[in-house]
Amino acid sequence: MSAAKEVSINVEHLTRVEGHGNIVLNAKNGDVKKIEWQVSEAPRFFESFVRNRPYTELSHLTSRICGICSIGHALASLKATENAMDIKISKQTKLLRKIALHGENMQSHILHVGYLVAPDLFKVGSVFPLISSAPETVKKIIRLHRLANEMSELLCGRTTHPISLVPGGFSEIPSEKQLQNLKKRLVESLPTCTEVANVILDNAHMLPHFTRETEYIGLTSKDEYALYDGIVGSTDTGTHPVKDYESVVNEFVVPQSTAKYTKHNRESYMVGALARFNLNADLLSPSAKELAKKFDLQPINYNPFMNNIAQIVEYVHSVEDSIQLIDTILDQGLKCDEKPTKFVIKKGRGVGAIEVPRGILFHDYTYNKEGICTKANCVIPTNQNHNNIQKDMEVFAPDLLEKPKDEITLNLEMLVRAYDPCISCSTHYLDVKFVDE
Amino acid sequence: MKPKIAFFDFASCEGCQLQVANLEESVIDVAEVVDVVEFREVMTNKAESYDIAFIEGSITRPIDEKRLKAIRKKTKTLVALGTCAHLGGVQRLSNQWSAKENLKEVYPDAKEKDINKNEFFEKPHHKAVDEVVKVDYVIPGCPIDRTEFIKVLVALIHGKKPPIPDYPVCVECKKKENICLFTIGKFCMGPIARAGCGAICPSHGSECEACRGYISHPHERAQIDVLEDCGLSADEIMHRKTMFTYKYVEKEKEESK
């Protein structure tokens with residue numbers, strides 16, 4: 001590298017991510033002077049405005065935190081409310097909710113890998129050029145996306161912002177015929193999953209080889225690949241009860257971000273598909289395990305870019321597990337007219353934890369005796385990743401300085417994109433800024 | 001030449017833009033008739049001018065107003081996409097408190113120096129898009145209905161006025177032969193809420209919360225009477241009126257001053 005080289009990058013409002021974030025890099029004479037991941041999303045104050053709202057509204061209001069993971073937010077919200085008021089749900093409700101959650105994970109993962117990351121692997125700016133250059137692949141990706149959405153629609157009444165999920169159960173339950181049809185389509189989709197995975201596999205060499213040891217946090221369970229249920233697991237410190245979540249996330253505020261940051265055992269930690277894989281890989285479905293092997297993905301993997309691959313692996317897991325869940329529901333006899341559990345409104349505090357596409361999510365509500373929310377706290381997966389993104393950048397950027405400016409930018413953008421940040425959740429925007437001194 | 005369309009997002013969940021991706025195979029047809037020149041959520045490209053700009057999200061801070069005004073200058077037609085852009089979204093409920101109170105509730109541990117004089121945190125207060133710039137058309141809903149999005153897009157491409165209904169959700173609900181939620185002890189905003197969603201919430205057993213706003217001439221007094229007859233208190237009625245529609249409450253307060 002030429003000793004006098006100055007690099008100044010300022011990506012304002014990074015593209016192909018959900019929400020608004022900026023990357024600022026400032027380097028001189030081969031030294032990085034400043035590398036900063038900024039979150040400029042406008043704050044929406046969910047935790048403030050849900051105060052004084054009745055318990056019936058909470059899951060509907062908080063699902064609006066994120067369009068992509070609205071089902072996950074609704075479920076975390078319902079779990080928090082149900083824990084606060086001691087509401088038990090039926091076995092069928094839990095099984096149906098797990099399918100709804102799989103539908104959302106599939107939708108979000110294929111959207112990210114197929115529409116947002118694939119353009120990087122094919123060196124184009126968006127999915128649109130791929131419509132003409134790789135039409136068959138794009139159509140397969142769309143088919144998988146459609147299946148995921150139709151699944152959410154069947155279980156929740158709508159793909160985005162669920163209608164039928166209510167405290168204690170469902171306001172509407174799909175019919176046996178609809179579930180059988182869904183199962184058939186899930187089975188039929190498995191070869192398409194393999195074909196799309198193979199296209200990614202052929203282009204996986206485009207993902208940078210970068211590793212940095214960090215802590216991974218997510219739900220974990222002895223019985224299953226934890227998504228709906230579980231306790232908090234860490235690759236550093238073992239397990240923690242959900243109710244102690246505050247001492248795991250340790251939220252704090254930094255001036256370059258309207259999203260809060262978190263840290264636990266080290267200076268930062270990562271959540272999401274790769275964290276779940278690193279914690280729970282042995283409980284994946286058979287085809288998902290096979291697929292991970294094809295990509296040489298083994299726990300503990302410290303390459304954040306492999307999060308994209310973990311998402312494909314999880315898509316397949318969700319398909320196979322949903323087939324199993326439908327079988328279980330039908331074997332025990334579907335109760336189409338099952339009403340939500342009856343309960344008495346009471347005061348109390350409840351925490352709900354759930355794994356959503358981007359990682360572990362916590363909702364924590366306090367209700368008064370009328371069932372009105374008086375205090376709320378939501379800890380969003382992307383918030384938990386911001387600090388880890390920053391620390392990755394600090395290690396990744398110095399190695400990039402010899403590259404041309406547009407390649408440095410692309411690499412930094414790809415790093416952030418690998419986390420599949422949902423910045424609007426965390427509060428929104430990706431811009432890389434090269435700042436001139 | 002194909003019309004140039006662009007999507008922009010402000011404070012929102014981005015669920016309305018997601019409905020465009022959720023058009024699935026039809027996205028390919030859309031890409032044939034329009035040129036998508038800017039859509040940050042899914043593409044890297046940027047453009048200098050647009051024929052139609054779709055705006056999602058509520059407008060919150062001075063930096064957001066500045067960005068919106070710049071977009072308005074670059075576009076021929078501007079469409080507010082979804083409830084946040086149309087009415088201010090659920091986050092408008094936070095306007096009940098001052099910016100300082102909201103910041104304190106959400107960032108209680110923040111150091112004053114980190115938040116003060118920081119444009120990311122400057123005077124957050126949620127507004128609808130038409131409270132900042134001229135809006136030509138609205139596609140209402142939380143989220144928008146994707147078939148309605150296509151209908152509006154087709155109308156705009158042909159230089160026609162978009163077909164947004166101006167009758168209540170009850171009309172669509174009746175057409176579907178749903179059992180009226182009022183008859184089973186639930187309360188609904190259907191009588192004054194704008195249709196176009198296919199009465200999707202009541203059809204799945206949930207009350208309508210008027211996410212598409214009110215029709216042009218709502219019988220608000222009659223709706224209040226109905227809710228009172230059902231035994232709701234004044235407070236509860238106010239709640240029913242606010243989940244997505246706090247804009248109207250703010251307007252009433254403004255007018256009664």
Side-chain angles (χ1 to χ4, degrees), chain A residues 13 15-20 38-49 51 53-54 57 60-61 64-68 70 111 115-116 119 125-128 131 138-139 142 145-146 149 157-161 163-164 166 171-172 251-258 260 424-425 428-430, chain B residues 9-19 21-22 24-25 27-28 31 36 39-45 57-61 63-64 89-94 96-97 101-103 105-107 109-111 113-115 118-121 124 126 142-143 200-201 203-206 209 239 243:
Chain A
H13 296 180
T15 60
R16 278 186 282 133
V17 296
E18 212 251 354
H20 302 116
Q38 302 177 335
V39 180
S40 54
E41 183 79 19
R44 286 182 292 159
F45 302 124
F46 275 85
E47 291 140 327
S48 180
F49 75 69
R51 290 175 298 159
R53 309 299 298 185
E57 287 185 2
H60 294 298
L61 284 168
R64 267 75 187 181
I65 291 174
C66 176
I68 300 182
S70 58
L111 176 81
Y115 295 2
L116 310 182
S126 79
V127 71
F128 294 113
I131 293 175
V138 171
K139 279 179 194 162
I142 292 177
H145 189 255
R146 172 189 283 281
N149 267 332
R158 179 161 64 191
T159 55
T160 307
H161 302 321
I163 301 168
S164 332
V166 296
S171 67
E172 189 189 58
E251 285 189 299
F252 61 102
V253 180
V254 292
Q256 70 271 25
S257 164
T258 51
K260 290 179 195 172
S424 66
C425 268
H428 224 127
Y429 233 68
L430 261 166
Chain B
D9 40 39
F10 290 80
S12 65
C13 75
E14 301 192 6
C16 290
Q17 289 180 64
L18 186 65
Q19 300 319 305
N22 287 351
E24 317 295 4
E25 288 82 357
V27 171
I28 298 174
V36 182
F39 194 164
R40 189 199 49 76
E41 197 178 8
V42 297
M43 63 197 283
T44 300
N45 320 44
S58 63
I59 311 303
T60 313
R61 302 159 298 180
I63 48 171
D64 304 313
V90 289
Q91 60 269 27
R92 191 165 192 143
L93 285 167
S94 69
Q96 295 169 79
W97 295 275
E101 287 167 321
N102 282 318
L103 287 166
E105 182 67 22
V106 178
Y107 307 95
D109 306 321
K111 296 185 190 88
K113 68 166 175 58
D114 288 347
I115 285 190
N118 182 338
E119 63 176 2
F120 291 175
F121 292 93
H126 292 278
C142 182
I200 187 165
C201 291
S203 301
H204 293 283
S206 266
E209 297 282 356
H239 260 113
M243 193 192 275

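The chains referred to below are lettered A, B, ... by the order of the sequence lines, with proteins before strands, and numbering in each begins at 1.
One finds the CZ atom of A:Arg64 at 12.5 Å from the OG atom of B:Ser12 (value rounded to the nearest 0.5 Å). How far CZ of B:Phe10 is from CZ of A:Arg44: 14.0 Å, rounded to the nearest 0.5 Å.
Residue B:Ile59: no heavy atom, backbone or side chain, is found under 4.5 Å from chain A. Residue contact with chain A, scored on non-hydrogen atoms closer than 4.5 Å, is absent for B:Gln17. With a threshold of 4.5 angstrom between heavy atoms, B:Ser203 approaches chain A through N, CA, C or O but not through any side-chain atom. The parts of B:Ile200 that come within reach of chain A are both its backbone and its side chain, each placing non-hydrogen atoms under 4.5 angstrom from that chain. The contact between B:Ala21 and chain A is made by backbone and side chain atoms together, counting heavy-atom distances below 4.5 Å. Heavy atoms of B:Asn22 lying under 4.5 Å from chain A belong to its backbone as well as its side chain. Contacts of B:Cys142 with chain A are made by both backbone and side-chain atoms, with heavy-atom separations under 4.5 Å. Contacts of A:Thr159 with chain B are made by side-chain atoms alone, with heavy-atom separations under 4.5 Å and no backbone atom involved.
Of all the listed residues (B:Asp64, B:Ile63, B:Leu103), the one sharing the greatest number of non-hydrogen pairs under 4.5 Å with chain A is B:Leu103. Between chain A and the options B:Ser206, B:Ser94, B:Cys16, the largest number of non-hydrogen pairs under 4.5 Å is found for B:Ser94. Counting heavy-atom pairs under 4.5 Å between each of A:Lys139, A:Arg53, A:Glu47, A:Glu172 and chain B puts A:Arg53 at the top. Ranked by non-hydrogen atom pairs under 4.5 Å with chain A, the options B:Pro124, B:Gly57, B:Ser58, B:Gly89 are led by B:Pro124.
For the pair A:Ile131 and B:Ala31, the tightest heavy-atom approach, listed with the atom from each and the gap, is CD1-CB, 4.4 Å. The minimum heavy-atom distance between A:Gly157 and B:His204, with the atom names listed, is O-NE2, 3.4 Å. Shown here for B:Pro143 and A:His161, the closest heavy-atom pair between the two residues is CD-CD2, 3.7 Å.
For the pair B:Val27 and A:Ile142, the minimum side-chain heavy-atom distance is 4.5 Å or more. Between A:His60 and B:Glu209 there is no side-chain heavy-atom pair separated by less than 4.5 Å. Contact check for A:Phe45 versus B:Gln91: no side-chain heavy atoms found under the 4.5 Å cut-off. With a 4.5 Å cut-off on side-chain heavy atoms, A:Arg51 and B:Glu105 count as touching. Proximity of A:Phe49 to B:Asn102: side-chain heavy atoms (C-beta onward) are nowhere separated by under 4.5 Å. Counting heavy atoms from C-beta on, the side chains of A:Ile68 and B:Glu14 never come closer than 4.5 Å.
Inspection of the B:Glu101 and A:Ser48 side chains reveals no N or O donor paired with an N or O acceptor under 3.5 Å.
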